[in-house]
**Q** 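Let me give you the structure first, and then I'll get to my questions.
Throughout, protein chains are lettered first and strands after them, A, B, ... in sequence-line order, and every chain is numbered starting at 1.
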Amino acid sequence: MSTQKPGIPKGTRDFGPVETARRNLIFISISNVFEKYGYVRIETPSMEYLDTLLGKYGEEGDKLLYKILNSGDFLSGLDQKELSSGDSNSISLRIAEKGLRYDLTVPFARYVVQHQHEIVFPFKRYQIQPVWRADRPQKGRYREFCQCDADVIGSDSLFNELELIRITDEVFERLGIKVKIKLNNRKILAGFAEYIGYPERLTDITTALDKFEKAGVENVKLELQEKGIKNEAIQELERILFLQEEEKLMKPDRLKTLLRDTRTGLLGIEELTTLLEYCGQLRLRASLEFDLTLARGLNYYTGAIIEVTSADVEIGSLCAGGRYDDLTGIFGLKNVSGVGISFGAERIYDVMLQLNLFPKEIPGSSKVIFVNFGEKEAIHCIGLLEKLRDAGIAAELYPDPAKLKKQLAYADARNVPFVALVGGDEIRQSVITLRNMSTGTQEVFTIDKLKEYLIHNA
RNA sequence: GUGGUCGUAGCUCAGUGGGUUAGAGCGCCAGAUUGUGGCUCUGGAGGUCGCCGGUUCGAGUCCGGUCUUCCACCCCA
């Protein structure tokens with residue numbers, strides 16, 4: 001038999017004890033904050049019907065969906081003509097009806113509609129689960145990663161946006177990461193598109209604008225040209241871009257004059273100024289910026305959009321979100337608006353690792369290991385272990401009667417602070433010899449004294 | 001999907017213009033020390049040099065293909 005090489009799919013990772021403990025720290029911090037603001041936790045299945053997922057993330061997003069092959073004879077419904085057509089895209093939809101979730105927002109919208117009669121609105125839920133994207137992995141990008149989402153659905157109020165900004169700030173404060181919160185509003189972007197005469201090209205225009213910071217004005221203009229936007233229109237847009245620097249000051253007055261003839265644009269500015277006014281009531285640690293080039297690719301956003309980046313590490317956004325006015329409409333529930341944010345656990349992990357923000361402790365091993373001197377002695381130790389564990393002390397017995405040297409080395413390697421030695425002498429005298437692994441000193445205890453000693457020596 | 005990059009022991013990596021038996025550090029196992037870990041010393045195990053093919057008397061080394069890793073673009077947490 002030939003042995004197979006172990007390995008995991010590209011873009012996925014194993015998490016050892018140390019990594020798991022650290023990730024848990026992130027999850028616990030985030031969920032504690034979410035709960036502090038009244039959000040309740042739900043979970044949804046890893047897989048959804050492709051109908052639910054498709055068409056919600058744009059054309060690119062659809063390509064990045066993992067599809068699950070139907071069970072049984074999945075080719076039976078296809079005729080030879082279709083099979084030989086070579087159109088893998090349409091064939092894939094015939095042989096796969098389920099897919100892995102791409103984010104937590106769309107499954108949540110589905111959940112809300114499906115359970116609308118059990119839900120009390122406004123519904124504030126959070127969700128911490130992995131999502132999958134068939135992307136090509138690179139720095140800060142994985143094919144399987146965990147998102148931590150908080151959403152409010154069933155309320156138009158901008159106080160929800162405010163609350164999410166408050167939450168974001170608190171999460172990163174707890175984790176010790178300095179961040180920049182960037183804000184914009186999809187309605188303002190729609191105003192741009194209308195202003196330059198291309199209201200229907202919103203997506204093209206916003207994705208080009210999104211590259212402003214990274215690629216520069218010239219590249220943005222080039223891309224828009226390639227997409228067939230007229231030069232005069234591009235120049236108009238450029239004028240808006242020059243406002244970027246002063247708009248960071250959070251006084252979108254000039255913008256208001258510029259967009260005075262576009263209704264949605266004005267509405268967006270109105271929303272943004274109100275939100276910024278509310279934010280003035282908060283004492284945020286993060287820096288808050290109005291960034292009119294912030295676009296966000298996801299199709300379903302209609303109002304506020306928010307993106308959070310690390311002030312110290314370049315790794316893309318750590319957290320992003322926005323308002324979606326009609327995500328539930330596709331599933332048959334009209335006029336329900338929602339707003340939410342999503343924290344990317346993987347990137348937060350990577351940033352914290354790079355900035356050395358994790359505590360040094362090695363995670364949860366036993367406080368004491370009992371040496372195994374042989375079957376008779378080991379059986380005696382079982383009773384002692386019961387008493388320690390009843391007192392809440394993590395304790396274990398080395399399973400094999402190995403050489404003492406090996407058992408001590410094992411305790412050492414696992415960072416167990418104490419080793420209990422119970423051989424023939426100890427059993428006769430009803431005592432336990434306890435070795436302190438950091439000092440190398442040994443003391444003799446009765447079981448009751450030992451219990452007390454271990455409780456008080458953390 | 002496009003472009004580049006990497007692959008040698010469990011891990012991190014050396015390996016000359018192709019040349020006999022492919023190395024180091026760390027880790028692992030054993031002994032020095034039969035109930036005492038970390039430090040030290042001694043010895044040992046462990047490799048189809050990613051895979052397939054080609055050039056050559058001879059390939060870890062050169063060429064082609066393929067897979068994998070990482071990075072950039074697109075897009076995104």
Side-chain angles (χ1 to χ4, degrees), chain A residues 2-3 5-13 16 26 30 57-65 88-89 101-105 128-149 168 179 203 206-208 210-211 214-215 219 223 226 294-299 306-310 314-322 340-351 369 371-374 377 398 401-426 433-442:
Chain A
S2 71
T3 56
K5 226 178 183 174
I8 55 175
K10 189 193 291 211
T12 65
R13 301 191 288 182
I26 295 174
I30 291 177
Y57 309 108
E59 220 175 295
E60 287 296 320
D62 284 356
K63 282 187 206 156
L64 300 179
L65 282 173
S88 49
N89 214 8
R101 70 164 102 78
Y102 177 93
D103 72 356
L104 300 177
T105 309
I128 298 178
Q129 288 191 277
V131 303
W132 295 268
R133 296 182 186 179
D135 217 349
R136 195 169 282 210
Q138 55 183 281
K139 189 175 168 190
R141 173 161 320 180
Y142 304 93
R143 283 181 162 171
E144 177 184 61
F145 62 97
C146 204
Q147 289 193 325
C148 314
D149 276 34
T168 302
V179 293
T203 316
T206 52
T207 51
D210 202 27
K211 284 165 203 154
K214 219 172 174 180
N219 285 314
E223 181 169 337
E226 277 167 16
L294 176 62
R296 312 276 325 127
L298 292 178
N299 269 352
I306 176 172
E307 188 170 285
V308 181
T309 51
S310 159
E314 284 215 15
I315 197 169
S317 55
L318 302 179
C319 172
I341 42 163
S342 178
F343 294 79
E346 266 59 36
R347 287 187 182 172
I348 291 173
Y349 179 94
D350 289 349
V351 167
I369 288 185
V371 168
N372 187 330
F373 283 112
E377 292 87 344
Y398 192 89
K403 284 183 181 166
L404 182 58
K405 177 186 164 67
K406 187 172 179 175
Q407 300 191 43
L408 285 171
Y410 176 78
D412 189 44
R414 284 190 51 195
N415 267 294
V416 174
F418 298 101
V419 169
L421 298 114
V422 186
D425 291 347
E426 282 89 353
T433 301
L434 188 75
R435 180 176 181 81
N436 181 321
M437 291 301 280
S438 53
T439 61
T441 54
Q442 294 185 181

**Q** Just how far, in rounded Å, is P of A77(B) from CD of E307(A)?
**A**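 Going from CD in E307(A) over to P in A77(B) covers 8 Å.
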**Q** When the C1' atoms of G50(B) and U61(B) are considered, how many whole Å apart are they?
**A**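 Nearest-Å result for G50(B) against U61(B) at atom C1': 16 Å.
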**Q** Of T12(A), D135(A), D350(A), which is the lone residue that meets side-chain hydrogen bond (donor to acceptor under 3.5 Å, both in side chains) with Y142(A)?
**A**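 In the set T12(A), D135(A), D350(A), the residue that makes a side-chain hydrogen bond (donor to acceptor under 3.5 Å, both in side chains) with Y142(A) is D350(A).
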**Q** Which nucleotide, U36(B), A77(B), G35(B), lies nearest any side-chain atom of E426(A)?
**A**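 Looking only at heavy atoms from C-beta outward on E426(A), the closest nucleotide is G35(B).
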**Q** If you look at every strand shown and take non-hydrogen atoms under 4.0 Å, does G423(A) touch a base, only sugar-phosphate, or nothing?
**A**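 Base contact.
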**Q** Quick one: what's the B/S/- string for nucleotides 69-74 of chain B, heavy-atom cutoff under 4.0 Å, read 5' to 3'?
**A** S-SBBB
**Q** Within this structure, what is the CZ-to-P distance between F343(A) and A77(B), rounded to whole angstrom?
**A**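 Atom-to-atom, F343(A) to A77(B), this comes out as 13 Å.
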**Q** Looking across every strand, which nucleic acid part, if any, lies under 4.0 Å from S438(A) by heavy atom: base, sugar-phosphate, or nothing?
**A**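 Base contact.
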**Q** Examine distances only and state if a side-chain atom of Q129(A) and a backbone atom of L104(A) form a donor-acceptor pair shorter than 3.5 Å.
**A**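 No; judged by distance alone, with no hydrogens or angles, the pair does not exist.
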**Q** Salt bridge check, R101(A) against D149(A): does any charged N sit closer than 4.0 Å to a carboxylate O?
**A**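 R101(A) and D149(A): not salt-bridged.
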**Q** Whole Å only: how far is the CG atom of L404(A) from the P atom of G38(B)?
**A**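 In whole Å, G38(B) P and L404(A) CG are 12 Å from each other.
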**Q** Calculate the interatomic distance between D425(A) atom CG and U36(B) atom P; express it in whole Å.
**A**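 Atom CG in D425(A) sits about 13 Å away from atom P in U36(B).
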**Q** Side chain of K405(A), heavy atoms from C-beta onward: which of A32(B), C29(B), G35(B) has the nearest atom to it?
**A**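 When the side chain of K405(A) is considered, A32(B) is the closest of A32(B), C29(B), G35(B).
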**Q** Identify which nucleotide among C75(B), U36(B), A77(B) has an atom closest to any side-chain atom of L64(A), counting heavy atoms from C-beta outward.
**A**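 Among C75(B), U36(B), A77(B), the one nearest the side chain of L64(A) is C75(B).
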**Q** If you round to the nearest 0.5 Å, how far is OG1 of T168(A) from CD1 of I341(A)?
**A**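 Here the interatomic distance stands at 3.5 Å.
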**Q** Describe the nucleic acid contact of K403(A) in one word from base, sugar-phosphate, nothing, applying a heavy-atom distance below 4.0 Å.
**A**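 The answer is sugar-phosphate, as K403(A) gets under 4.0 Å only of primed atoms, P, OP1 or OP2.
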**Q** Within the structure shown, what part of the strands sits under 4.0 Å from A411(A) by heavy-atom distance: base, sugar-phosphate, or nothing?
**A**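 Here A411(A) touches no strand at all.
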**Q** If the P atom of U56(B) is compared with that of C71(B), how far apart are they to the nearest Å?
**A**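 That atom pair is separated by 40 Å.
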**Q** What is the nucleic acid contact for G61(A), judged by heavy atoms within less than 4.0 Å: base, sugar-phosphate only, or nothing?
**A**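 Nothing: the residue G61(A), judged by heavy atoms under 4.0 Å, touches no strand.
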**Q** Students often mix this up, so state it plainly: with edges at 30° and 60°, are the rings of Y102(A) and Y57(A) parallel, tilted or perpendicular?
**A**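 The arrangement is tilted - the two ring planes meet at 30° to 60°.
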**Q** For nucleotides G37(B) and G25(B), find the distance between their C1' atoms and express it as a whole number of Å.
**A**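 G37(B) and G25(B) have their C1' atoms separated by 23 Å.
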**Q** When we call it a touch if two heavy atoms are under 4.0 Å apart, what does C319(A) touch: a base, just sugar-phosphate, or nothing?
**A**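 Contact class for C319(A): sugar-phosphate only.
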**Q** Any idea which of G37(B), C75(B), G31(B) is nearest the D412(A) side chain?
**A**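 Nucleotide nearest to D412(A)'s side chain: G37(B).
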**Q** Figure out the CE/P separation between M437(A) and C39(B), and round it to whole Å.
**A**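 So the CE-P distance, M437(A) to C39(B), works out to 12 Å.
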**Q** What is the distance from atom OG of S342(A) to atom CG of L318(A), rounded to the nearest 0.5 Å?
**A**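 One finds 11.0 Å between OG of S342(A) and CG of L318(A).
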**Q** Which listed nucleotide (G35(B), C76(B), G37(B)) is nearest to the side chain of A409(A)?
**A**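 Per side-chain heavy atoms of A409(A), the pick is G37(B).
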**Q** For the pair made of CG in D62(A) and C1' in C76(B), what is the distance, rounded to whole Å?
**A**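 Result: 15 Å.
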**Q** Figure out the CD1/P separation between I128(A) and A77(B), and round it to whole Å.
**A**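 Whole-Å distance recorded here is 17 Å.
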**Q** When we call it a touch if two heavy atoms are under 4.0 Å apart, what does E377(A) touch: a base, just sugar-phosphate, or nothing?
**A**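 Since no nucleic acid heavy atom lies under 4.0 Å of E377(A), the category is nothing.
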**Q** Is it true that a side-chain atom of R435(A) and a backbone atom of Q442(A) form a donor plus acceptor pair closer than 3.5 Å?
**A**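 Not confirmed, R435(A) side chain does not pair with Q442(A) backbone.
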**Q** Is there a Watson-Crick or G-U wobble partner for C29(B) with both distances under 3.5 Å, and if so, which one is it?
**A**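 Per the H-bond distance test, G43(B).
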**Q** Under 3.5 Å, side chain of N372(A) to main-chain N/O of Y398(A), donor-acceptor pair present?
**A**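 Checked: pair present.
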**Q** Give me the distance, rounded to whole Å, that separates A14(B) from C51(B) when you measure between the C1' atoms they each carry.
**A**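 Roughly 23 Å separates the two C1' atoms.
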**Q** Starting from C1' on A77(B), measure out to CD1 on I26(A) and report it in whole angstrom.
**A**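 It works out to 12 Å between those atoms.
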**Q** Taking the same atom, P, in G23(B) and in G46(B), what whole-Å distance lies between them?
**A**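 One P to the other, the span is 14 Å.
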**Q** For the side chain of R143(A) and the backbone of P137(A), is there at least one donor-acceptor N/O pair under 3.5 Å apart?
**A**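 Side chain of R143(A) to backbone of P137(A), a donor-acceptor pair under 3.5 Å: no, none is there.
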**Q** Given the C1' atoms of C74(B) and U8(B), what is the spacing between them in whole Å?
**A**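 Pairwise C1' distance, C74(B) against U8(B), rounds to 35 Å.
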**Q** Measure distances between side-chain N and O atoms of Q407(A) and base N and O atoms of U36(B), and say whether any donor-acceptor pair falls under 3.5 Å.
**A**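 It does not, because no donor-acceptor pair links the side chain of Q407(A) to the base of U36(B) below 3.5 Å.
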**Q** Is the base of G37(B) stacked against the aromatic ring of Y410(A), taking ring centres under 5.5 Å apart and planes under 30° as the test?
**A**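 So no, this residue does not stack on that base, at least one cut-off failing.
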**Q** To the nearest 0.5 angstrom, please state how far the CG atom of L421(A) sits from the CD1 atom of I369(A).
**A**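 Output value for this atom pair is 11.5 Å.
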**Q** Between L318(A) and R435(A), which is nearer to the 5' end of RNA chain B once each is assigned its nearest nucleotide?
**A**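 Upstream on the strand: R435(A).
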**Q** For atom C1', what is the distance between A9(B) and G60(B), given to the nearest Å?
**A**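 It comes out at 14 Å once rounded to the nearest Å.
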